[in-house]
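Below you'll find the structure, written out as structure tokens, and then a few comments.
These figures come from a predicted structure and were not determined experimentally. Chain A is the first sequence line, chain B the second, and so forth, proteins listed ahead of strands; every chain is numbered from 1.
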There are 2 protein chains.
Amino acid sequence: MTGATRRGRSAQGRAEVRRDLVAAAVTLFRERGYEDTTVDDIAAAAGVGRRTFFRYFRSKEDAVSPDHETALARAAEVFETAHATEPAAALALRAGETVFDIYTDDPHLSVERYRLTHDVPVLRDRESASIDHYRRLFTRYLRGRFADDPDGDLRAAVIGAAVVAAHNLALRAWLAAGAPEDGMEACRLRFRRVAEMLPGEPAHTNGLHAVTRRLEQAVVRLERTTPPAQ
Amino acid sequence: MTGATRRGRSAQGRAEVRRDLVAAAVTLFRERGYEDTTVDDIAAAAGVGRRTFFRYFRSKEDAVSPDHETALARAAEVFETAHATEPAAALALRAGETVFDIYTDDPHLSVERYRLTHDVPVLRDRESASIDHYRRLFTRYLRGRFADDPDGDLRAAVIGAAVVAAHNLALRAWLAAGAPEDGMEACRLRFRRVAEMLPGEPAHTNGLHAVTRRLEQAVVRLERTTPPAQ
DNA sequence: AAGCGTAACGGCACTGCGTGCCATGATTCA
DNA sequence: TGAATCATGGCACGCAGTGCCGTTACGCTT
């Protein structure tokens with residue numbers, strides 16, 4: 001298919017060109033290296049003009065992780081449409097799922113992207129910045145939730161950073177293992193374990209110790225008067 | 001001072017040129033905007049050639065935060081020379097101090113830099129990547145510490161991300177307030193409060209939940225057979 | 001004091017990214 | 001069939017970053 005025959009394509013054609021460009025970029029980056037691959041090379045490999053490449057991607061780096069904006073928007077939608085009574089932890093899980101979806105769509109391509117972002121410093125830094133967008137989004141939401149707490153800002157920052165880091169750890173472990181189909185459940189479980197490590201509600205955390213003490217005393221008191229059942 | 005008279009300067013001269021370039025860059029970025037300022041403009045404002053700019057900074061962005069490598073190296077030295085018995089929290093505080101030092105050296109310039117990284121998306125993303133270097137450094141160290149723990153990786157990721165986020169929150173709050181001299185102590189205190197929100201030793205944390213569960217079950221069991229005391 | 005090696009500099013040319021502009025060809029709709 | 005629209009390719013341009021080279025100032029030796 002020459003460039004001429006591709007002119008004036010439909011929306012379906014656009015999606016196809018986009019896929020071709022991503023595939024060409026990822027392949028060339030891994031074969032020749034990121035720095036030694038020019039946009040001309042990518043465009044030529046995909047059978048389009050150089051100018052067209054920049055109509056699909058804002059930059060050369062964008063061809064590696066072009067779905068970031070979409071994923072971020074979806075995650076933002078989760079927070080915006082969330083009911084105020086939904087626990088923050090559950091919300092984080094739901095938002096995390098929307099991000100997972102982006103990767104499970106095409107596991108093989110996701111692994112290639114992961115390797116690139118792992119090996120090429122420029123792409124690694126770019127991904128750090130992308131991930132920080134999620135952190136900011138989540139932290140901003142939490143800050144609103146914790147507005148009444150005395151250390152609300154700090155709690156929001158800590159929990160936001162921790163959850164995003166855990167999400168990323170789980171995701172990267174899955175990708176590093178080659179993104180096996182039966183590994184996504186372990187990935188999800190791993191992500192969920194972050195909840196155990198988070199500081200709970202301040203009143204709740206402090207209360208937890210108090211409750212523990214109170215229960216211990218109650219048990220001691222009761223067991224002193226009554227033999228345990230069974 | 002013309003370019004000709006500046007040739008063949010000493011090491012002291014180099015530091016001076018470096019300062020001039022940073023000052024020129026920060027000033028111009030804030031006056032005309034980052035995108036509308038070229039490297040030629042910066043070099044001309046500092047009285048040196050364009051080629052010389054790139055002998056002092058790897059990129060245009062580097063002129064805004066040129067001390068990142070130094071700060072990262074100092075923080076790394078803290079971890080490398082740390083004794084194995086020093087608590088991780090104390091270590092984080094010490095490493096955080098070395099980073100604070102970079103900013104307290106020239107508070108006014110630090111504020112200008114903060115505003116730039118706050119306003120210009122490109123610089124913001126770049127700073128996200130820089131901060132992530134600290135996170136990776138700290139997380140890597142913690143992973144070694146928690147190597148024996150079952151969820152060591154996750155704990156390292158969570159604590160590393162949380163501590164760096166807290167450090168950044170405190171630092172940015174201080175900078176946003178104009179970096180007052182008497183505000184650094186509040187900044188330090190704020191940073192230290194992160195320790196209260198961190199997950200403790202896994203045995204401790206899990207134990208707390210386990211104890212709670214066990215006690216609750218005991219109470220239910222006992223209350224089923226015996227009317228509550230009092 | 002003269003000479004020499006070194007270090008820093010400025011200028012030039014080049015590659016490559018990203019963008020504005022415009023003509024061209026395909027598609028869709030009236 | 002003709003007009004409007006959309007996507008494309010090509011061209012030119014500005015700017016970032018790099019390699020190369022000639023030049024100049026400094027420090028050190030003799």
Subject >> Gap between atoms CZ and C1', on Phe53(A) and dC17(C) respectively (whole Å) >> reply: 10 Å
Original post:
Whole Å only: how far is the CG atom of Asp41(A) from the C1' atom of dC17(C)?
Top reply: 13 Å
Subject >> Aromatic plane relationship, Phe79(B) with Phe138(B) - under 30° parallel, 30 to 60° tilted, over 60° perpendicular >> reply: parallel
Original post:
Whole Å only: how far is the CZ atom of Arg51(B) from the P atom of dT18(D)?
Top reply: 8 Å
**OP:** Could you walk me through whether Arg188(A) and Glu185(A) pass salt bridge (Lys or Arg N to Asp or Glu O under 4.0 Å), step by step?
**Re:** CA-CA 5 Å; Arg188(A) 284 194 173 87; Glu185(A) 206 48 42; 3.6 Å; yes
**OP:** Output the single nucleotide from dG10(C), dG10(D), dG17(D) whose closest atom is nearest the side chain of Ser59(B).
**Re:** dG17(D)
Original post:
Do Phe100(A) and His167(A) have ring centroids that are under 6.0 Å from one another?
Top reply: yes
**OP:** Measure from CZ on Phe29(A) to P on dC17(C) and round the result to the nearest Å.
**Re:** 9 Å
**OP:** Output yes when at least one side-chain N/O atom of Tyr56(A) is less than 4.0 Å from OP1 or OP2 of dT8(D), else no.
**Re:** yes
Original post:
Does Arg14(B) make a side-chain N or O approach to OP1 or OP2 of dC9(C) shorter than 4.0 Å?
Top reply: yes
Subject >> Interatomic distance, Lys60(A) NZ vs dC17(C) P [rounded to whole Å] >> reply: 5 Å
Original post:
In terms of side-chain heavy atoms of Thr52(A), which of dC9(C), dG9(D), dC17(C) is nearest?
Top reply: dG9(D)
Original post:
Nearest-Å distance, CZ (Phe54(B)) to P (dC15(D))?
Top reply: 12 Å
Subject >> Integer-rounded Å distance: dC15(D) P and Asp36(B) CG >> reply: 10 Å
Original post:
Can Arg18(A) and Phe57(A) be said to form a side chain to side chain contact (heavy atoms under 4.5 Å, CB included), step by step?
Top reply: CA-CA 9 Å; Arg18(A) 189 183 169 85; Phe57(A) 307 106; 3.9 Å; yes
Subject >> Thr38(A) or Arg55(A), whichever maps to the more 5' nucleotide of DNA chain C >> reply: Thr38(A)
**OP:** Give the rounded distance in Å between these two atoms: CG of Asp40(B) and C1' of dG14(D).
**Re:** 11 Å
Original post:
Is a side-chain N or O of Asp106(A) found less than 3.5 angstrom from the main chain of Leu109(A), in a donor-acceptor match?
Top reply: yes
Original post:
Under 4.0 angstrom, heavy atoms only, what part of the nucleic acid is Arg50(A) near: base, sugar-phosphate, or nothing?
Top reply: base
